[in-house]
Amino acid sequence: MTHISITSVPVPAGLAGPDAVDFLAVAELLNAQQQEFWGNNDFYAPPQAQLAGRGSTPTRRRELLAARMGTEPDAAIIGVAQLNLPLTDNLHTGTVNVVVAPVARRQGVGTALFAAAAKLASAAGRRMLMAETDHLGGGPAGTGEDSSGTENAAAFIPHDAAAAFAAGLGFRLELVDRVSVLELEGYDAEAVLGQAARTAGPGYELEFWRGACPEELVDAYARLRQKMSTDAPLGGLELAEEAWDAERVREAEGKARGMDAEVLVTAVRHVATGELAGHTVLEVFRNNPAVAYQDDTLVLDAHRGNRLGMLLKAANLEKLRKAIPEACRVYTWNAEENRYMLAINEQLGFAAVGYSGEWQADLSAG
Ligand SMILES: CC(C)(COP(=O)(O)OP(=O)(O)OC[C@H]1O[C@@H](n2cnc3c(N)ncnc32)[C@H](O)[C@@H]1OP(=O)(O)O)[C@@H](O)C(=O)NCCC(=O)NCCS
């Protein structure tokens, strides 16, 4: 059997020098896999954006591992593992993503990359590894079945290479996200927006920002971001609440700017208390403004049942249409057990295109 070499790929300062060669090869391999999977360029990330997004920050250590056949240092890179280690919370966890070039699959490259990533994670004191697998089409879309149990969840995930690979490495499927797309051509959220605003009533006001959160709201916004980390369903994932403060909000905004991403946030304020009661986030990368990605949507417990979720999402979609008229579609991920969020999205017109499996492996289990 051919020897597989695994080396660490540092994130270079820029893309022009000889030290960027491996990073560029990794960026290309990751883009090729996204293209292969989706059959389009909706998830293409220019190398410059990957450079801005793949470096370590005060809240996250990011490692890139590359695989080559043989021991020649300049042999072509045929596989990549990305390892993310949170540094301010969830110190028992890490997230791993393994991608192998089609020509090199089924030869143990993925397994070798995973083993190297798991070794790094263990050395950093991590006990639980999380991984995500993507699947187009797949299970019983839109049936409204409860998928909260692992067995039910498994019904949504086809037994393809990604699932077989994860299961074979000892990962357990803990949560299933439905991937949905909203087509924006001719789209008009005004009617649902008006209806939600009437139900919410005058006790709530909307705030909107593009890019940086206004300074007077940043602490309240950090609290919402923190709450979001555990308020969305987590299935069996052993994740604790993230630690967010104003500095982390600014770090995330800086990363988005570096990646040339537009971030549109709508938040809702409870007029009587002045408290921010919820928020929703859309992201668009300037290199491909046709595609928008839905990030967080949260309404705090005390304010649920007032149509604020719909109000926030419809309002932000209207902002998107005005701010970035080139946007043609929006991708979103929602836990299949998150009936409230799915109901809002279905009413807005989102349609399922696939599923994501969220997996967890206990490294201490052997
Ligand atoms: C999933 C992926 C990383 C596997 O890489 P690989 O180098 O082919 O994996 P390995 O050769 O180490 O395979 C390990 C085991 O995974 C399972 N497996 C991998 N590909 C499979 C396939 N096409 N069908 C069924 N089982 C498969 C098998 O159990 C295999 O062991 P075996 O070959 O002894 O039967 C690769 O297919 C890939 O890059 N897919 C796209 C990205 C992706 O889905 N990544 C997973 C995120 S964690």
Side-chain angles (χ1 to χ4, degrees), residues 1-7 9 25-45 50 54 62-70 75-85 93-122 126 128-139 150 153-154 156-179 235-239 331 333 353-363 366:
M1 196 179 131
T2 322
H3 176 77
I4 299 161
S5 322
I6 310 280
T7 51
V9 177
V26 163
E28 192 180 322
L29 195 147
L30 292 171
N31 273 331
Q33 191 269 323
Q34 291 294 310
Q35 218 281 341
E36 170 202 353
F37 177 78
W38 292 100
N40 60 36
N41 283 323
D42 282 3
F43 290 79
Y44 174 80
Q50 297 199 43
R54 297 203 193 284
R62 296 189 174 87
E63 298 287 344
L64 278 179
L65 297 169
R68 295 176 164 85
M69 285 296 184
I77 291 174
I78 44 150
V80 178
Q82 296 165 269
L83 177 70
N84 289 349
L85 304 173
T93 69
T95 308
V96 65
N97 179 40
V98 178
V99 171
V100 176
V103 291
R105 288 182 189 161
R106 265 347 246 287
Q107 298 171 56
V109 177
T111 302
L113 279 164
F114 173 75
K119 199 170 156 196
L120 265 184
S122 290
R126 311 300 159 128
M128 289 303 234
L129 273 188
M130 325 274 165
E132 209 175 280
T133 57
D134 294 323
H135 314 270
L136 283 182
T150 304
F156 289 81
I157 300 294
H159 293 287
D160 56 13
F165 177 68
L169 292 171
F171 281 85
R172 245 177 72 96
L173 181 62
E174 302 289 359
L175 187 68
V176 171
D177 287 328
R178 186 193 296 183
V179 187
L237 295 171
E238 245 190 63
L239 288 171
Y331 283 83
W333 284 255
V353 293
Y355 291 88
S356 273
E358 297 200 38
W359 305 71
Q360 177 171 267
D362 186 347
L363 296 178

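This is a predicted model, so every value here is computed, not measured. As the structure lists them, so they are numbered: ligands from 1, and atoms in each ligand from 1.
- Every atom of ligand 1 is numbered from 1 in the order shown, and the set under 4.0 Å from a heavy atom of Gly108 is 10 (P), 11 (O), 12 (O).
- Pro158 approaches Ala163 most closely through the heavy-atom pair O-CB, 3.5 Å.
- Within the structure, the closest approach of Gly168 to ligand 1 does not fall below 4.0 Å when heavy atoms are considered.
- Contact atoms of ligand 1 toward Gln107: 11 (O) (distance under 4.0 Å to a heavy atom of the residue).
- For the residues Leu30, Val99, Thr111, Thr133, the heavy atom positioned nearest atom 13 (O) of ligand 1 is part of Thr111.
- For the atom pair CG of Leu237 and CD of Glu358, the computed distance is 5.5 Å after rounding to the nearest 0.5 Å.
- Residue, atom and distance of the protein heavy atom nearest to atom 44 (O) of ligand 1 are Ala162 CB, 3.2 Å.
- Protein heavy atom nearest atom 15 (C) of ligand 1, with residue, atom name and distance: Phe165 CD1, 4.3 Å.
- Here the closest heavy-atom approach between residue Gln35 and residue Asn41 is recorded as CG-OD1, 3.1 Å.
- Considering each of Ala164, Ala81, Gly110, Ala163, the one bringing a non-hydrogen atom nearest atom 6 (P) of ligand 1 is Gly110.
- Closest to atom 5 (O) of ligand 1 among all protein heavy atoms lies Val100 CG2, 3.6 Å.
- Atom 42 (C) of ligand 1 has its closest protein heavy atom at Gln33 NE2, 3.5 Å.
- Considering Leu30, Val96, Leu113 in turn, Leu30 is the only one that fulfils the side-chain contact (heavy atoms from CB on, under 4.5 Å) rule with Gln82.
- Nearest protein heavy-atom neighbour of atom 24 (N) of ligand 1: Arg106 NH1, 3.4 Å.
- Taking the six-membered ring where the residue is Trp, the centroids of Phe165 and Phe114 are separated by 6.0 Å or more.
- Contacts between Glu132 and ligand 1 below 4.0 angstrom, taking non-hydrogen atoms only, involve the backbone exclusively.
- Of the candidates Val80, Leu65, Asn31, Val80 is the only one forming a side-chain contact (heavy atoms from CB on, under 4.5 Å) with Val26.
- The minimum heavy-atom distance between Ser356 and Asp134, with the atom names listed, is OG-OD1, 2.9 Å.
- Partners of Asp42 under the salt bridge (charged side-chain N to carboxylate O under 4.0 Å, His left out) rule, at least two apart in sequence or in another chain, are Arg329.
- Proximity of Ala166 to ligand 1 is not established, as no heavy-atom distance is less than 4.0 Å.
- Atoms OG1 and CE, from Thr93 and Met130 in turn, are 5.0 Å apart once rounded to the nearest 0.5 Å.
- Looking from atom 38 (C) of ligand 1 to the surrounding protein, the closest heavy atom is Arg105 NE, 3.5 Å.
- Given atom 23 (N) of ligand 1, the protein heavy atom at minimum distance is Ala161 CB, 3.3 Å.
- In the vicinity of Asn97, heavy-atom distances shorter than 4.0 Å reach the ligand 1 atoms 47 (C).
- At most 12 non-hydrogen atoms from other residues, nucleotides or ligands lie less than 6.0 angstrom from CD of Glu28.
- Looking at atom 3 (C) of ligand 1, its nearest protein heavy atom turns out to be Val98 O, 3.6 Å.
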